[in-house]
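Structure record follows, encoded as structure tokens.
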Protein chains: 4
Amino acid sequence: MATNKREDILQAALLLFTERGFDATTVPMIANNAKVGAGTIYRYFENKEVLLNCLFQECVQRFFNTIRQGFPGSGTVRQQFHHIFYQIVHFAKREREAFSFIDSHLNPRLLNEESQKMFNEFIDFMRVFLIKGQEQGIIYSLSPDALIPIFYGAVVKLLETARAGVIVETDELFAGVEECCWNAIRVH
Amino acid sequence: MATNKREDILQAALLLFTERGFDATTVPMIANNAKVGAGTIYRYFENKEVLLNCLFQECVQRFFNTIRQGFPGSGTVRQQFHHIFYQIVHFAKREREAFSFIDSHLNPRLLNEESQKMFNEFIDFMRVFLIKGQEQGIIYSLSPDALIPIFYGAVVKLLETARAGVIVETDELFAGVEECCWNAIRVH
Amino acid sequence: MATNKREDILQAALLLFTERGFDATTVPMIANNAKVGAGTIYRYFENKEVLLNCLFQECVQRFFNTIRQGFPGSGTVRQQFHHIFYQIVHFAKREREAFSFIDSHLNPRLLNEESQKMFNEFIDFMRVFLIKGQEQGIIYSLSPDALIPIFYGAVVKLLETARAGVIVETDELFAGVEECCWNAIRVH
Amino acid sequence: MATNKREDILQAALLLFTERGFDATTVPMIANNAKVGAGTIYRYFENKEVLLNCLFQECVQRFFNTIRQGFPGSGTVRQQFHHIFYQIVHFAKREREAFSFIDSHLNPRLLNEESQKMFNEFIDFMRVFLIKGQEQGIIYSLSPDALIPIFYGAVVKLLETARAGVIVETDELFAGVEECCWNAIRVH
DNA sequence: GATGAATGAGACTTCATTCAT
DNA sequence: AATGAATGAAGTCTCATTCAT
């Protein structure tokens, strides 16, 4: 009764978009899962595409906030990397679908400028981190535009695999994965 | 006349599926791009989903063949890694869309068992490679099911970024990326 | 506060029905323009169609009253015609939308019996006037059922054209139009 | 079999638009009456509004052609008027719905520029006729923009009334109506 | 074998109407 | 009494698939 229908719709859409993709998810499906009438969705979102972008922006916002929150700006590069890695894992564990959803819907055909800009803020954050690390001679001297997908791609695919249940998510696993990712981008 | 209509259809579908995704690609679009009638597609493929799976299997086949071909089974782990990495890059350069298409359509909702099995053969190949490397104390001791997405995710995202034009694909770049990926999975 | 909500709704509906037509006018549109809640409309009118008919009947009532009011029952046919013509013009000037609305919604699909009956009273009034004129040998000997649409059609179309701004509504214009209409139906 | 589906659709739409109006006519209704699938309509017309405009333009074309055809350009004004009047009646008799449809859908909300332009050609034709008559001192000296709606309105309403079955369409009737209309616009 | 016109199921979306507040 | 959020029936339109040519 006191539940927020807008939230219900976003939550239902998140699950369905993540599981089936935007195009294969119908508005009635979302309405059913959110337990609202189909027309209600249009009281909160102009259309399906706007719903996607609202959802995307909220997810990216929460994702990026999680990463920025408590970032050790004056710590070592290694400490900063540790923070980023564990906050990503933390977010992916707590908001399993949101994390998958973001990566699987990074599509200029679906996202408006605002959405793309918001995701790029995260990329910029990563770029700054990498460049500072390179200036200190700690991060490997490759274009950050290459290092970012290497690191981000590895983490996303790993967490996606974990989400699928292929591997068990233990602390040891993530410690090992962090090691791998750090080795991927640091100077040897 | 001597051109193979089946091939034309598969080629057109490959480009469209890669660029727009399966659901956002219509059969008439494929027919147009393949310069055949819409009905003709149904003489070669039972339906759109079967077409996708045929395409997927042919792409995975070519991808996997590229990697297996000339694999230095009796070389060092490092040499084997080099082979795998450069064959993936080679394939991605030569068959840009096929490589993107495979990763972006790894979806159990769309793929039949046969298709999934075929992709898993590649995963199994990678697993065997990693386990042998671990037995020799060269590859980092993490579950291969974790190492594979780390390596594969990094490569896919990097090549996808290159395909989008964000970074220029030079030999130096790929040499650097190989270094990163190798460092990610090797023992230190 | 002291304003009558029922009147506000009718007034808003009149403007919208006239400008857009019944089918293209939505209940929320009416509610917005009337500055009431959508649900409020249903406290005053059973449904949209009933609202239309109430509005129609009130408009026809006011229209017919304007014409009957001060009708020179014992004047000459020409004087009576003058009265009718100028009262129609007077009404159309004072209640621009009401006049347009009546003619544009003379549709048996939308109007109930009561509404049609009410409009027919005006037609009957015109018929009586014409027949009496014919009996005096002043009005042209054509079926009143033909003379009425000729006269009414001419006036309605003329006033509609004026409403659209194509011609400027001056006293000279209306004097000329009266002349035309009178010539149309009188004996020569 | 050999029937033209495009024609069937236009014919069905004409009947329904005339009887119910554009907004109250659904695409499935048109499809049913045309005995085609609903989707077929969209093979011939981009959307419902385009269908309306195509239909409108074809109707106006036929209407205007009927009037222009055999117009006695070098005859007397009275002869020209006779021609126009009888060709309108002729058209309205032969294409009952087309004639009603044109007048009832003269709505800038529905018609595109092309459609409006096409109808204005008819208006321009009438204007030229009236001005020439005025120059010869035969047509009443009122703005043609006022005379046109008077004449056109009278004829449309009369024919609409006849179409509704209120009056019987005899040659005598139309002779009388022509007399009325001519008297309405001529000099006395 | 090849075609593309035709189809109708099902998608997105609107809106008249209801009802809890 | 008044509201406006909520609903779902029904509208417009798309597209995978069929089939007569």
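In this text, all values refer to a predicted model and were calculated from it rather than measured experimentally. The figures here come from the full heavy-atom set of this structure, side chains too, leaving out hydrogens, waters and symmetry mates. Numbered from 1 within each chain, the chains take letters A, B, ... in sequence-line order.
In this structure, Thr40(C) contributes its side chain and Val36(C) its backbone to no donor-acceptor pair below 3.5 Å. Panel note: side chain Ser115(B), backbone Leu111(B); no donor-acceptor pair is recorded below 3.5 Å. When atom types are taken as modelled, the side chain of His105(A) and the backbone of Leu110(A) share no donor-acceptor pair closer than 3.5 angstrom.
A straight line from CD1 of Ile41(C) to P of dA16(E) spans 9 Å, rounded to a whole angstrom. In this entry the distance linking CG of Asn47(D) with P of dT14(F) reads 8 Å, nearest Å. The nearest whole Å value for the distance from the NZ atom in Lys48(D) to the P atom in dA10(F) is 16 Å. The nearest whole Å value for the distance from the NZ atom in Lys5(D) to the C1' atom in dG4(E) is 14 Å. The CZ atom of Arg43(C) sits 12 Å away from the C1' atom of dT18(E) (whole-angstrom rounding). Here the C1' atom of nucleotide dT18(E) and the CZ atom of Phe45(C) are 18 Å apart, to the nearest Å. Counting to the nearest Å, the P atom of dA6(F) and the CG atom of Asn4(A) are 9 Å from each other. In this entry the distance linking CE of Met29(B) with P of dG4(E) reads 18 Å, nearest Å.
In terms of position on DNA chain E, the residue among Gly39(D) and Glu46(C) whose nearest nucleotide sits closer to the 5' end is Gly39(D). Toward the 5′ end of DNA chain F lies the nearest nucleotide of Ala38(C), the other residue of the pair Ala38(D) and Ala38(C) mapping further downstream. Place Thr25(C) and Val36(B) on DNA chain E by their nearest nucleotides, and Val36(B) ends up nearer the 5' end. Where Glu49(D) and Phe22(B) meet DNA chain F, the nucleotide closest to each residue was compared, and Glu49(D) sits on the side nearer the 5' end.
Remark: dG8(F) base-pairs with dC15(E); criterion is Watson-Crick or G-U wobble with both hydrogen-bond distances under 3.5 Å. Pair assignment for dC13(F) gives dG10(E), based on Watson-Crick or G-U wobble hydrogen-bonding distances that are each under 3.5 Å. Across all strands shown, dA1(F) has no partner, as no Watson-Crick or G-U wobble contact with both distances under 3.5 Å is found.
Taking 4.0 angstrom as the limit, Tyr42(A) places none of its side-chain polar atoms (N or O) nearer than this to OP1 or OP2 of dT14(E).
Looking at heavy-atom distances under 4.0 Å, Tyr44(C) makes contact with sugar-phosphate atoms alone, never a base. The residue Val27(D) sits close only to the backbone: its heavy atoms come under 4.0 Å of sugar-phosphate atoms, none of a base. Here Thr26(B) lies in heavy-atom contact (under 4.0 Å) with sugar-phosphate atoms only.
For Pro28(D), taking side-chain heavy atoms from C-beta onward, the closest of the listed nucleotides dT12(F), dA2(F), dA16(F) is dT12(F). Taking the side chain of Thr40(B) as heavy atoms from C-beta on, and the options dA2(E), dT17(F), dT17(E), the nearest nucleotide is dA2(E).
Relative to the six-membered ring of Tyr44(A), Lys5(A) misses at least one condition, a distance below 6.0 Å or an angle of at most 45° to the axis.
In this structure, Phe56(B) and Phe119(B) have tilted ring planes: the angle between them lies in the 30° to 60° band. Under the 30°/60° scheme for interplanar angles, the aromatic rings of Phe101(D) and Phe17(D) are found to lie parallel.
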